[in-house]
Amino acid sequence: FGVSAQKKARTEGYALNINAAVDKEWEAKSFREIAAAPVEALQGIGPKGKEQLEKLKITTVKDLADWKYFKVAQAIAILAPKETAGQRHADTQLNINKAT
């Protein structure tokens with residue numbers, strides 16, 4: 001039969017389609033290849049965006065993902081819905097005040 005029933009069961013129903021996130025030429029590439037790719041491999045980043053990012057020393061998808069300000073913005077966006085107004089003390093151990 002070729003593919004065992006067990007192997008088919010493990011892989012059936014799993015698909016990750018990143019076509020809406022990357023330009024057409026990158027759709028069949030691995031995550032490793034995309035991480036090493038120039039930033040314009042991402043949909044929506046064209047020549048002007050590439051030029052601006054290069055000024056910040058961001059040339060690859062991985063550079064963008066590792067960029068300090070991206071990480072701070074992502075953390076804030078993820079945590080914002082969980083925040084309770086007036087509950088973050090200035091001397092708390094988990095303080096993002098120095099990042100903003």
Worksheet item: What distance separates Q74 CD from L79 CG, expressed to the nearest 0.5 Å?
Response: 10.0 Å
Fill in: Which residues share a salt bridge (charged side-chain N to carboxylate O under 4.0 Å, His left out) with E27, sequence neighbours left out
K24
Side-chain donor-acceptor pairs under 3.5 Å in residues 45-52, sequence neighbours left out?
none

Worksheet, complete the sentence: The side chain to side chain donor-acceptor pair (under 3.5 Å) partners of K29 (sequence neighbours excluded) come to none
Worksheet item: CD/E40 to CG/L42 distance, rounded to the nearest 0.5 angstrom?
Response: 9.0 Å
Worksheet item: Sequence neighbours excluded, which residues qualify as side chain to side chain donor-acceptor pair (under 3.5 Å) partners of D23?
Response: none
Worksheet, complete the sentence: Closest non-hydrogen atoms of V39 and T60, given as atom of the first, atom of the second and distance, are CG1-O, 3.3 Å
Worksheet item: Excluding sequence neighbours, so at least two apart, what forms salt bridge (charged side-chain N to carboxylate O under 4.0 Å, His left out) with K82?
Response: none
Worksheet item: Can you name the closest pair of heavy atoms from W26 and P38 and give their distance?
Response: CZ2-CD, 3.9 Å
Practice prompt. Working to the nearest 0.5 Å, report the span between CD1 of I18 and CZ of F31.
Written response: 5.0 Å
Discussion item. Per the ring-ring contact (aromatic ring centres under 6.0 Å, His included) rule, what does the pair list look like for residues 44-68, sequence neighbours excluded?
Written reply: W67-Y69
Response to the item:
Scanning both residues in full, the closest heavy-atom pair of E54 with T59 reads CG-CG2, 4.1 Å
